[in-house]
J.: 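One structure coming up, written as structure tokens, with questions to follow.
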Amino acid sequence: MTTDSRTVSGRRSLATLICGALAAGGLAAAGASALEPEAASASSHREAPLISGTPQFDNTDLYAFVSPDKPDTTTVIANWIPFEEPAGGPNFFTFAEDAQYDIHIDNNGDAQGELLFRYTFRTHVKNEKTFLYNTGPVTSLDDPDLNITQTYDIEMLKLKDQHAVSRTKIADDVPVAPSNVGKASMPDYDTLRKQAVHELAGGTTTFAGQADDPFFLDLRVFDLLYGGNLSEVGNDTLKGYNVNSVALQVPTHLITEAAEQPVVGIWSTTQRKNAEGHFVQVSRLGNPLVNEVVNPVGDKDTFNASAPWDDAQFLKNVTEPELPKLIEAIYKIPAPDEPRDDLVDVFLKGVEGLNQPPHVRPSEMLRLNTSVAPAAKPKRLGVLDGDTAGFPNGRRLTDDVVDAALQVVEGELVGAKNDLGDAVDENDKKFGASFPYLANPTEGSRGPLAKGVDSGNDVRSQLGDALRPAGADGVDDTTLIAASAGAGAGGLLLIGVALMWWRRMRRRAY
């Protein structure tokens, strides 16, 4: 944990907003309803025992913010599949076909969704007789060499007391941006990304596909809080990993209750089809880090299967949090007095005067005041540093939620001023200036070149230089076959694939 500098006025701005809002609001329970999650036999990065074994269904992070380049719209980004190793083929990373990936909107503060956007995916295979994800360089989403593709539909449900009163398909058979296999397979990935951005009717825009994991933090907190002596801070653990993302940009008036009530609550869930053919909720995510470091092990799977209107069962985890006690035991920093009503107000109700809706029912979700204009120069600590367009007023990609949340948990709002942090202040990749804003995924061929290779265009391997270029015309088939003689079965397979690839490239060249 490290310190940082920021303005005193920023600290005071949040303290002023919080002032008078520290009464402990009770969490009431709601009755059963049609869209209430069924009990799951199972969110964030591997944060619960059951969901950690099924990464296709695991929510990693949720973001919601007023679009900086289109301030009359709101952008929601939801990510799944943690720790995608870019070179993890030949079965690269797809959305599950037996899942409903849902984005929920509560626009009146009652802890129930009034609007739901549901993404469902289908997988298509062109050639089942090859193990390859792509059989040649891919230059477009409809390239015949892209062997495995996905498409998706979006359904918009309007709800009343969790019963659907209308269903509208707003997107049909939209292509997904593929996994970034490598520079040889996808020489211009940025073009593929742009082709996956689709304009829908009514000013809505959608994207689904692989992206660089935008969450930046040092996850080694789990080794006795950074090694027990702060020796492990400052390394972005998620650097180099990708996620699967859905991004939705909608006209703000579509999701708010009224211009006079611009605050919306947002959370994402995954429902998986069980053996009986019913969809069961297995993952849930609103604010970051809740199920990772707020809920104890015994509550994690229950939380993933639950809904905001039933969050009364988790209230003690917020009012009597474990993390400050651990920090006190290891680093001798006194834990703030309990019950932690300040945490209830900020994370379960929203900041009064900023993003707390009237008659709010305390529940766990991101809350965004859509009437707050985007900041010209966003500050990474958001509201804590006087930037009211940032976390916990929604969450932008650049918000340093670990530092902000840690400082609040350690009592920043109740007089225990601190500048704690994990020394990871920004993502390793720059975010985009336009939708979907996410950085492109890291490619699978990012590693060092093979021994003796001078450039990325030199087609060799370490199998006895079997693929050494033989003149301007390329590789001689006889040379390839002879070079494979001592390579064994594995070598023959690899050289055969290389020969097939080389022949394809030579045909394209002519």
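All of these numbers come straight from a predicted model, not from anything done at the bench. As a basis for the values below, the full set of heavy atoms in this structure was taken, side chains included, without hydrogen atoms, waters or symmetry mates.
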J.: Could you work out, with side-chain contact (heavy atoms from CB on, under 4.5 Å) as the rule, every residue matching Thr75, not counting sequence neighbours?
T.: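 Testing Thr75 for side-chain contact (heavy atoms from CB on, under 4.5 Å), a comparison that skips the adjacent residues, returns Phe65, Ser67, Ile77, Gln249, Phe435, Tyr437.
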J.: Counting only heavy atoms from other residues, nucleotides and ligands, does the tally under 6.0 Å from CZ of Phe92 exceed 12?
T.: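 Yes, because the 6.0 Å sphere around CZ of Phe92 holds more than 12 heavy atoms from other groups.
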J.: Does the Gln281 side chain pair with the main chain of Ser306, one donor and one acceptor, at a distance under 3.5 Å?
T.: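 Confirmed, Gln281 side chain pairs with Ser306 backbone.
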J.: Answer yes or no: is there a donor N or O on one side and an acceptor on the other, between the side chain of Asn355 and the main chain of Arg367, under 3.5 Å?
T.: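 Checking the backbone N and O of Arg367 against the side chain of Asn355, a donor-acceptor pair under 3.5 Å is found.
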J.: Can you list the residues that meet the side chain to side chain donor-acceptor pair (under 3.5 Å) rule with Ser245, with sequence neighbours excluded?
T.: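 Side chain to side chain donor-acceptor pair (under 3.5 Å) list for Ser245, sorted by chain: Asn79.
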J.: Among residues at least two apart in sequence or on other chains, which ones pass side-chain contact (heavy atoms from CB on, under 4.5 Å) with Lys183?
T.: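 Partners of Lys183 by the side-chain contact (heavy atoms from CB on, under 4.5 Å) criterion, ordered by chain and then number, come out as Glu443, Ser445.
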J.: Restricting to non-hydrogen atoms, name the atom on Phe391 and the atom on Pro288 that form the minimum distance, rounded to 0.1 Å.
T.: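 Reported closest heavy-atom pair: CE1-CD, 3.9 Å.
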J.: Considering residues at least two apart in sequence or located in another chain, which fulfil the ring pair (Phe, Tyr, Trp, His ring centres under 6.0 Å) criterion with Tyr189?
T.: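 Ring pair (Phe, Tyr, Trp, His ring centres under 6.0 Å) list for Tyr189, sorted by chain: empty.
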J.: Are Phe303 and Phe314 close enough that their ring centers fall under 6.0 Å?
T.: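 Between Phe303 and Phe314, the centre distance is under 6.0 Å.
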J.: Quick one: ring pair (Phe, Tyr, Trp, His ring centres under 6.0 Å) pairs with a partner in residues 255-277, sequence neighbours left out?
T.: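 Of all non-adjacent pairs touching residues 255-277, those that pass ring pair (Phe, Tyr, Trp, His ring centres under 6.0 Å) are His104-Trp267.
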J.: Could you tell me whether a side-chain N or O of Asn427 sits under 3.5 Å from a main-chain N or O of Phe216, the two making a donor and an acceptor?
T.: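 Flag not set: sc Asn427 to bb Phe216 has no pair under 3.5 Å.
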J.: For the CD atom of Gln150 and the OG atom of Ser179, what is their distance to the nearest 0.5 Å?
T.: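 Going from CD on Gln150 over to OG on Ser179, the span is 8.5 Å.
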J.: Does Tyr133 have any side chain to side chain donor-acceptor pair (under 3.5 Å) partners at least two apart in sequence or in another chain, and if so, which?
T.: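 Applying side chain to side chain donor-acceptor pair (under 3.5 Å) to Tyr133 gives none.
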J.: State which residues pass side chain to side chain donor-acceptor pair (under 3.5 Å) with Asp173; sequence neighbours excluded, sorted by chain then number.
T.: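 Partners of Asp173 by the side chain to side chain donor-acceptor pair (under 3.5 Å) criterion, ordered by chain and then number, come out as Arg122, Thr151.
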J.: Do Arg272 and Thr54 pass the side chain to side chain contact (heavy atoms under 4.5 Å, CB included) test, and can you show the C-alpha distance, the side-chain angles, and the key distance before you say yes or no?
T.: CA-CA 10 Å; Arg272 183 180 187 181; Thr54 52; 3.4 Å; yes
J.: Yes or no on side-chain hydrogen bond (donor to acceptor under 3.5 Å, both in side chains) for Asn287 and Glu364, after CA distance, side-chain angles and deciding distance?
T.: CA-CA 7 Å; Asn287 276 293; Glu364 207 298 292; 2.8 Å; yes
J.: Only counting residues at least two apart or in another chain, list the ones meeting salt bridge (charged side-chain N to carboxylate O under 4.0 Å, His left out) with Asp69.
T.: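 Partners of Asp69 by the salt bridge (charged side-chain N to carboxylate O under 4.0 Å, His left out) criterion come out as none, since no residue qualifies.
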J.: What is the minimum heavy-atom distance between Gln56 and Tyr101, and which atoms define it?
T.: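 Heavy atoms only, the tightest pair is O-OH, 2.9 Å.
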J.: Which value, rounded to the nearest 0.5 Å, describes the distance between Leu354 atom CG and Asn393 atom CG?
T.: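 Rounded to the nearest 0.5 Å, the CG-CG separation comes to 4.5 Å.
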J.: Taking only residues two or more places apart in sequence or in another chain, which ones pass side-chain contact (heavy atoms from CB on, under 4.5 Å) with Val221?
T.: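 With sequence neighbours excluded, Val221 shows a side-chain contact (heavy atoms from CB on, under 4.5 Å) to Leu225, Tyr226, given in chain and number order.
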J.: Does the side chain of Asp102 reach to within under 4.5 Å of the side chain of Phe279, using non-hydrogen atoms?
T.: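 No, every pair of side-chain atoms sits at 4.5 Å or beyond.
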J.: So, Lys273 and Asp98, do they make that salt bridge, N to O below 4.0 Å?
T.: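 Salt bridge between Lys273 and Asp98, a charged N being under 4.0 Å from a carboxylate O: no.
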J.: Kindly indicate, with the supporting measurements, whether the criterion side-chain hydrogen bond (donor to acceptor under 3.5 Å, both in side chains) is fulfilled by Ser283 and Asn59.
T.: CA-CA 6 Å; Ser283 189; Asn59 301 72; 2.6 Å; yes
J.: If you round to the nearest 0.5 Å, how far is OG1 of Thr237 from CZ of Arg220?
T.: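 Reported to 0.5 Å precision, the distance equals 6.0 Å.
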J.: Taking side-chain contact (heavy atoms from CB on, under 4.5 Å) as the definition, give me every residue that meets it alongside Asn108, ordered by chain and number, with sequence neighbours left out.
T.: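 side-chain contact (heavy atoms from CB on, under 4.5 Å) check on Asn108 returns Asp106, Asp110, Glu114, Glu257.
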J.: Sequence neighbours left out, what pairs pass salt bridge (charged side-chain N to carboxylate O under 4.0 Å, His left out) with at least one residue falling in residues 189-212?
T.: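 Only Asp190-Lys194 qualify under salt bridge (charged side-chain N to carboxylate O under 4.0 Å, His left out).
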J.: Which residues satisfy the side chain to side chain donor-acceptor pair (under 3.5 Å) test with Arg395, sequence neighbours excluded?
T.: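 Asp61, Tyr63.
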J.: So, applying side chain to side chain contact (heavy atoms under 4.5 Å, CB included) with Thr252, which one of Asp72, Thr74, Leu368, Val264 is it?
T.: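 Among Asp72, Thr74, Leu368, Val264, the one meeting side chain to side chain contact (heavy atoms under 4.5 Å, CB included) with Thr252 is Thr74.
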J.: Test your reading of the model: is there a side-chain donor-acceptor pair from Gln195 to the backbone of Leu141, 3.5 Å cut-off?
T.: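 Pair found, side chain donor or acceptor close to backbone of Leu141.
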